[in-house]
Amino acid sequence: MPDMKVFEYAPAPESRDIARLKPTYGVFVDGQFRPGRGEPVKSINPATEEALAEIQEADASDVNDAVSAARRAYDSGWSKLAGTQRAKYLYRIARVIQERSRELAVLETLDNGKPIRESRDVDVPTAAAHFFDYAGWADKLAYAGFGPNPHPVGVAAQVIPWNFPLLMAAWKIAPALAAGNTVVLKPAETTPLTAMTLAEIIAECELPPGVVNILPGGPSVGQSLVDHPGVDKIAFTGSTAVGKQIQKSVAASGKRLSLELGGKAANIVFDDAPLDQAVEGIVNGIFFNQGHVCCAGSRLLVQESIADVFISALKDRLQTLRLGDPMDKNTDIGAINSAAQLGRIRVLADAGEAEGGQRWSPDCPLPERGFWFPPTIFTDVGPASRIAREEIFGPVLSVLTFRTPQEAVDKANNTPYGLSAGIWTDKGSRILWMANKLRAGVVWANTFNRFDPTSPFGGYTESGFGREGGRHGLEAYLDV
Amino acid sequence: MSDRLDVRKTYKLYIAGAFPRSESGRSYPVSGAGDTVLAHAAQASRKDVRDAVSAARKAFGGWSGATAYNRAQVLYRVAEMMEGRREQFIAEVLAGDGGTRDAAATVVDAAIDRWVWYAGWADKYAQIAGGANPVAGPYFNFSVPEPSGVVGIVAPQQDSLLGLISVIAPALTTGNTVVVLAATDRPLAAITLSEVLATADLPGGVVNVLTGYVAELAPWLASHRDVNCLDLTGVAAADRVPLAVAAADSVKRVHSPGERAGIGLDEPGLARLAAFVEIKTVWHPLGV
């Protein structure tokens with residue numbers, strides 16, 4: 001439809017004042033806000049490269065303080081507190097997140113670069129929902145199917161990524177607290193701001209000091225936290241490479257571990273799929289959050305008989321995506337989170353071209369400042385090429401074809417990962433057959449990238465182990 | 001008095017449903033409780049580990065794809081086959097582990113009953129561990145446990161039969177296939193059990209049993225990239241670290257139980273069933 005007349009959108013920007021940015025943010029330890037003892041860094045807006053705030057990061061001594069505070073809070077009351085009381089604290093947090101949702105959404109978009117539409121409609125409401133859902137578990141643990149008298153594990157060290165900063169904090173903290181554990185959380189170095197606002201909310205909700213401690217910092221802070229002997233459980237979401245390191249560093253130490261790592265999901269389109277819906281699903285699967293999604297559908301497997309028609313429809317749709325100011329409510333594609341991530345995406349995309357893939361992007365001017373990568377499709381991708389095998393964590397889709405359902409399954413499963421998969425077909429028996437054969441922790445049929453606090457999420461093989469969400473998500477935080 | 005000579009058994013490995021000698025040609029003497037040499041067991045090699053893993057991988061599709069009811073019947077059939085050889089197993093446990101005949105009988109009975117217990121779980125565990133999830137949107141959403149894949153197991157070293165069965169049966173119940181390193185000093189009951197497995201309609205390759213030196217073989221099992229899970233029950237706590245480190249290279253699920261290992265006479269609980277499954281969640285929109 002490029003020759004069709006398109007109505008232009010008027011700008012509809014959110015106001016940055018709503019984020020209530022502070023000039024500096026420190027650590028939250030033992031109920032106190034104070035500067036960390038590490039090197040201060042600037043957190044920048046990846047869409048403009050302007051500094052948003054100074055982060056007074058943690059160092060190893062702050063890790064020590066935080067773990068000790070978490071231990072004291074665990075021993076002195078939180079683990080023994082009646083479940084009904086823990087539940088009420090979590091309900092309070094859920095409600096304040098809802099009340100401050102616009103502030104949190106704007107802050108998230110400023111710090112992360114994701115479109116305000118996504119932080120407003122997905123990240124923040126789902127974060128509130130996680131607290132609300134797990135609040136109700138806190139006084140019902142004996143009914144969760146892990147025995148009549150389940151115990152908390154102890155002090156949980158939680159290390160989260162930059163792609164869904166507030167939501168990942170909620171995924172980690174809510175089940176841990178519901179089960180009676182105390183927490184030391186390290187947000188990602190490039191996106192600490194919403195976690196620090198969550199710390200404010202936790203303080204405002206009057207949780208006992210030390211129950212939740214939040215330490216902004218880089219990889220060395222994460223390593224100190226994971227290695228700390230006072231920690232009983234580690235929950236990590238991030239890259240498979242770092243996940244393997246963590247698994248090694250806690251090997252046979254008795255520390256409990258859950259890992260939510262990378263993915264290279266196949267999104268499989270059969271010739272009987274409703275094509276318009278499938279196009280929307282593929283676009284959502286790989287371009288949602290600029291592709292910074294571990295379960296992103298980064299491999300399109302399209303049935304050979306419809307490949308040309310489908311790819312053409314997909315390209316038409318990409319022409320209408322709006323890339324630019326993440327604060328604009330009409331923006332579909334925001335900024336890449338950091339210069340480093342942009343560099344990684346470029347390297348892999350260049351490798352895709354070097355290995356013979358055909359690269360295509362819509363005619364899409366990129367803003368002059370900030371970190372940007374256009375939505376990109378690679379066709380003629382060999383199954384052994386890097387862009388078909390390695391997680392790219394960016395808005396880049398590799399297209400492969402198949403002829404039979406068995407071939408689709410074989411290609412989809414031909415990866416060391418196993419986090420998610422998508423199926424697009426009108427045939428119910430085929431959906432269930434495919435869902436059964438695909439080796440992935442989440443299978444979306446005729447939909448993609450749906451998340452819910454009641455729905456377990458997590459991977460097979462090198463995508464990690466353990467589940468987050470729902471009844472299953474409690475197991476990682478209970479001594480069963 | 002008969003002057004007939006008895007026919008003695010050659011103890012070999014159990015790989016892909018067959019009983020080969022070690023490809024290395026090695027064997028090692030196994031002594032019983034009284035230091036008499038009971039037999040020469042095959043001393044498996046790295047290559048035997050790899051053959052066993054590839055057999056287990058090949059068998060995974062069929063075993064994991066079998067109906068839970070079918071798996072239940074096969075596991076129950078193992079109990080039936082063992083019951084018929086009860087006296088033989090008692091003699092084997094007595095010779096290998098020592099103790100009294102009554103104690104050996106108690107262990108063999110518990111071992112047989114453990115198959116029956118786990119057989120019953122095969123078509124029930126998914127209902128306990130899975131279910132429908134009430135998501136906040138117009139979707140049908142459900143979760144099911146699925147087998148993790150190939151499970152590498154180091155069997156308990158002090159208990160040649162009940163310990164061995166307690167570690168392999170739960171992995172099989174949920175649809176995994178198994179490569180197990182039998183107790184180094186007490187491997188003979190494991191091979192006799194393999195004869196039972198071979199005649200219990202358990203497809204070849206679903207269980208592969210290797211005898212030999214655990215210290216030599218376990219590192220290859222731990223680092224093999226086509227092994228999905230590692231069960232370190234039979235490894236002393238002090239020796240687990242290097243194996244668990246090697247396992248991390250392919251993000252294996254490592255089961256490193258403490259005291260509650262589920263390998264004794266008490267009812268084992270669900271921990272071993274839960275250790276080697278993956279929860280799969282499927283979403284589909286509602287609509288007309």
Side-chain angles (χ1 to χ4, degrees), chain A residues 125-126 129 133 145-147 240 243-254 257 259 261 277 416 418 420 422-423 428 431-432 435-448 450-467 469-472 475 480, chain B residues 61 64-65 128-149 222 225-226 228-229 232 235 237-254 256 258 260 269-271 274-287:
Chain A
T126 314
D133 179 77
F146 304 112
T240 290
K244 288 178 180 178
Q245 264 177 21
I246 293 176
Q247 191 178 353
K248 282 180 193 176
S249 62
V250 304
S253 65
L257 178 64
L259 298 173
L261 309 178
Q277 283 176 40
S420 67
I423 308 162
I431 289 171
L432 294 174
N436 186 250
K437 299 281 179 199
L438 290 168
R439 302 283 293 164
V442 184
V443 177
W444 286 293
N446 292 323
T447 184
F448 207 90
R450 300 290 155 201
F451 308 96
D452 190 276
T454 68
S455 181
F457 183 91
Y460 283 38
T461 57
E462 295 195 15
S463 289
F465 46 73
R467 291 293 177 268
R471 183 187 71 79
H472 296 85
E475 188 176 5
V480 297
Chain B
S64 62
I128 300 293
N133 307 309
V135 295
Y139 298 91
F140 180 57
N141 174 304
F142 63 94
S143 295
V144 288
E146 291 202 338
S148 297
R225 295 191 73 86
D226 210 21
N228 300 102
C229 309
L232 295 177
V235 180
D239 299 330
R240 286 179 180 178
V241 172
L243 298 173
V245 167
D249 268 324
S250 54
V251 197
K252 287 182 180 60
R253 289 82 177 109
V254 179
S256 186
R260 289 172 293 172
L270 293 180
F276 307 126
V277 296
E278 311 292 325
I279 299 298
K280 175 186 280 180
T281 299
V282 182
W283 294 66
H284 196 277
L286 305 177

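So you know, we letter chains A, B, ... as the sequences are listed, proteins then strands, and number each from 1. As a basis for the values below, the full set of heavy atoms in this structure was taken, side chains included, without hydrogen atoms, waters or symmetry mates.
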Which one wins on heavy-atom pair count under 4.5 Å against chain B: [options]?
options	result
A/Asn446, A/Val250, A/Thr454, A/Leu257	A/Thr454
A/Gly145, A/Gly458, A/Ala440	A/Ala440
A/Arg439, A/Lys437, A/Gln245	A/Arg439
A/Ser463, A/Pro453, A/Gly441	A/Gly441
A/Gly418, A/Gly147, A/Ser455	A/Ser455
A/Leu438, A/Thr240, A/Ile423	A/Leu438

Output the distance between atom [atom1] ([X]) and atom [atom2] ([Y]), rounded to the nearest 0.5 Å.
X	Y	atom1	atom2	answer
A/Thr447	B/Trp283	OG1	CH2	7.5 Å
A/Asp452	B/Tyr139	CG	OH	10.5 Å
A/Ser253	B/Arg240	OG	CZ	12.0 Å

Between [X] and chain A, which part of the residue has a heavy atom less than 4.5 Å away: side chain, backbone, both or neither?
X	answer
B/Ile128	backbone
B/Ser148	backbone
B/Ala271	neither
B/Asp249	both
B/Ala274	side chain

**OP:** Pick one of side chain, backbone, both or neither for A/Phe146, based on which atoms fall under 4.5 Å of a heavy atom in chain B.
**Re:**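 Answer is neither: A/Phe146 stays 4.5 Å or more from chain B.
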Subject >> Derivation and outcome, side-chain contact (heavy atoms from CB on, under 4.5 Å), residues B/His284 and A/Ile431 >> reply: CA-CA 9 Å; B/His284 196 277; A/Ile431 289 171; 3.5 Å; yes
Subject >> Shortest non-hydrogen separation from A/His472 to A/Pro456 and the atoms involved >> reply: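 Here A/His472 and A/Pro456 meet closest at ND1-CG, 3.3 Å.
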**OP:** Might you point out which heavy atoms bring B/Glu278 and B/Arg253 nearest each other, and give the distance in Å?
**Re:**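 Heavy-atom minimum between the residues: OE2-NE, 2.6 Å.
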Original post:
Relative to the ring of A/Phe457, is the ring of A/Trp444 parallel (under 30°), tilted (30 to 60°) or perpendicular (over 60°)?
Top reply: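 A/Trp444 and A/Phe457: tilted rings.
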Subject >> Test side-chain hydrogen bond (donor to acceptor under 3.5 Å, both in side chains) applied to B/Asn133 - qualifying residues, sequence neighbours left out >> reply: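 Per chain and number, B/Asn133 pairs via side-chain hydrogen bond (donor to acceptor under 3.5 Å, both in side chains) with B/Asn141, B/Ser143.
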